[in-house]
A.B. asks: 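Here it is, the structure, as C-alpha cells.
From a predicted model like this one, the values you see are computed outputs, not experimental measurements.
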Amino acid sequence: MKLRLLASAVAVSAIALTGTVVTTGTAAAAGPDCSRGLSNVPAKQAVKVRTTAKVNGYAVGQVNKGRRAFVCNDGHAFTGQSYRLCGKSSNKWLYVMPNDYNIRGYVPATCMDW
C-alpha cells in the first residue's frame with residue numbers, strides 16, 4: 001500500500017514539475033520583436049529597465065541620462081501601469097535594449113527622447 005502511494009506522489013510531482021517548466025519556457029519566449037527598431041535613442045534622465053511595464057517591476061538594469069538605447073518594435077509603445085516620471089504622466093512603456101548592456105526590458109516612454 002505504501003509503495004502504491006509513493007508511486008502516485010512521484011507521478012503527481014513529475015506532472016507538476018513538467019507543467020511548471022513548460023509554462024516558464026512559454027512565458028520567456030513571448031516578448032516584443034527586436035528585429036526592427038529605433039537606434040541610439042537617448043534617455044532624458046536615469047531610468048531603470050524593468051522586466052514588466054510596471055513601476056515596481058523587477059529592475060534588470062538602467063539607462064543613465066544621455067546614454068543611448070535601441071527601442072524595439074519600431075518604437076511602438078506598450079500600455080502598462082500608469083506613472084508620473086520625467087515630468088509627465090503616462091501609461092506608455094517602451095521595450096528597449098540599452099547599447100551598453102546585454103539586457104532587454106521596459107522603460108517609461110516619457111523618459112526616452114524618441
A.B. asks: Do you know which two heavy atoms are closest between P108 and L85, and how far apart they sit?
C.D. replies: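 The answer is CG-CD1, 3.5 Å.
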
A.B. asks: Once rounded to the nearest 0.5 Å, what's the spacing between atom CH2 of W114 and atom CG of L94?
C.D. replies: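 Reported value, rounded in 0.5 Å steps: 5.0 Å.
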
A.B. asks: Between V63 and R67, what is the shortest heavy-atom contact and its length?
C.D. replies: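 Smallest interatomic distance, heavy atoms only, reads CG1-O, 3.8 Å.
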
A.B. asks: Over all heavy atoms of both residues, which pair between P32 and Y95 is shortest? Give the atoms and the distance, please.
C.D. replies: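 Between these two residues, the closest heavy atoms are CG-CG, 3.5 Å.
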
A.B. asks: Using a 4.5 Å cut-off on heavy atoms from C-beta on, say whether the side chain of P98 contacts that of V96.
C.D. replies: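 Yes, close enough: below the 4.5 Å cut-off.
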
A.B. asks: For residues 68-79, dump all side-chain donor-acceptor pairs below 3.5 Å to protein atoms at least two apart in sequence or in another chain.
C.D. replies:
from, atom 1, to, atom 2, distance (Å)
R68, NH1, N40, O, 2.9
D74, OD1, G37, N, 3.4
D74, OD2, R36, NE, 3.2
D74, OD2, R36, NH2, 2.8
T79, OG1, K92, NZ, 3.1

A.B. asks: Grouping I, L, V, M, F, W and Y whenever their side-chain heavy atoms are under 4.5 Å apart, do I103 and M97 come out in a common cluster?
C.D. replies: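 No; M97 is not reachable from I103 via cluster members.
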
A.B. asks: Out of curiosity, D113 CG to C111 SG, how far, rounded to the nearest 0.5 Å?
C.D. replies: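 Separation between the atoms: 11.0 Å.
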
A.B. asks: Please name the pair of heavy atoms, one in G66 and one in P42, separated by the smallest distance, quoted to 0.1 Å.
C.D. replies: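 Nearest pair, atom of G66 first, then P42: O-CB, 4.1 Å.
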
A.B. asks: Hey, does the side chain of K44 reach the backbone of T110 with a donor-acceptor pair shorter than 3.5 angstrom?
C.D. replies: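 Between the backbone of T110 and the side chain of K44 there is a qualifying donor-acceptor contact (under 3.5 Å).
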
A.B. asks: List the steps, then state whether side chain to side chain contact (heavy atoms under 4.5 Å, CB included) holds for Y83 with S90.
C.D. replies: CA-CA 6 Å; Y83 58 84; S90 182; 3.6 Å; yes

A.B. asks: In Å, rounded to the nearest 0.5 Å, how long is the span from NZ of K65 to CD of Q45?
C.D. replies: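 Between atom NZ of K65 and atom CD of Q45 there are 8.0 Å.
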
A.B. asks: Donor-acceptor pair, distance only, cut-off 3.5 Å: does the side chain of Q81 make one with the backbone of V55?
C.D. replies: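 Flag set: sc Q81 to bb V55 pair under 3.5 Å.
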
A.B. asks: Write down the atom of V107, the atom of V47, and the distance for their closest heavy-atom approach.
C.D. replies: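 Heavy atoms of V107 and V47 come nearest at CB-CG2, 4.1 Å.
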
A.B. asks: Indicate yes or no for a side-chain donor-acceptor contact from R50 to the backbone of G57 under 3.5 Å, with no hydrogens or angles considered.
C.D. replies: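 Checking the backbone N and O of G57 against the side chain of R50, a donor-acceptor pair under 3.5 Å is found.
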
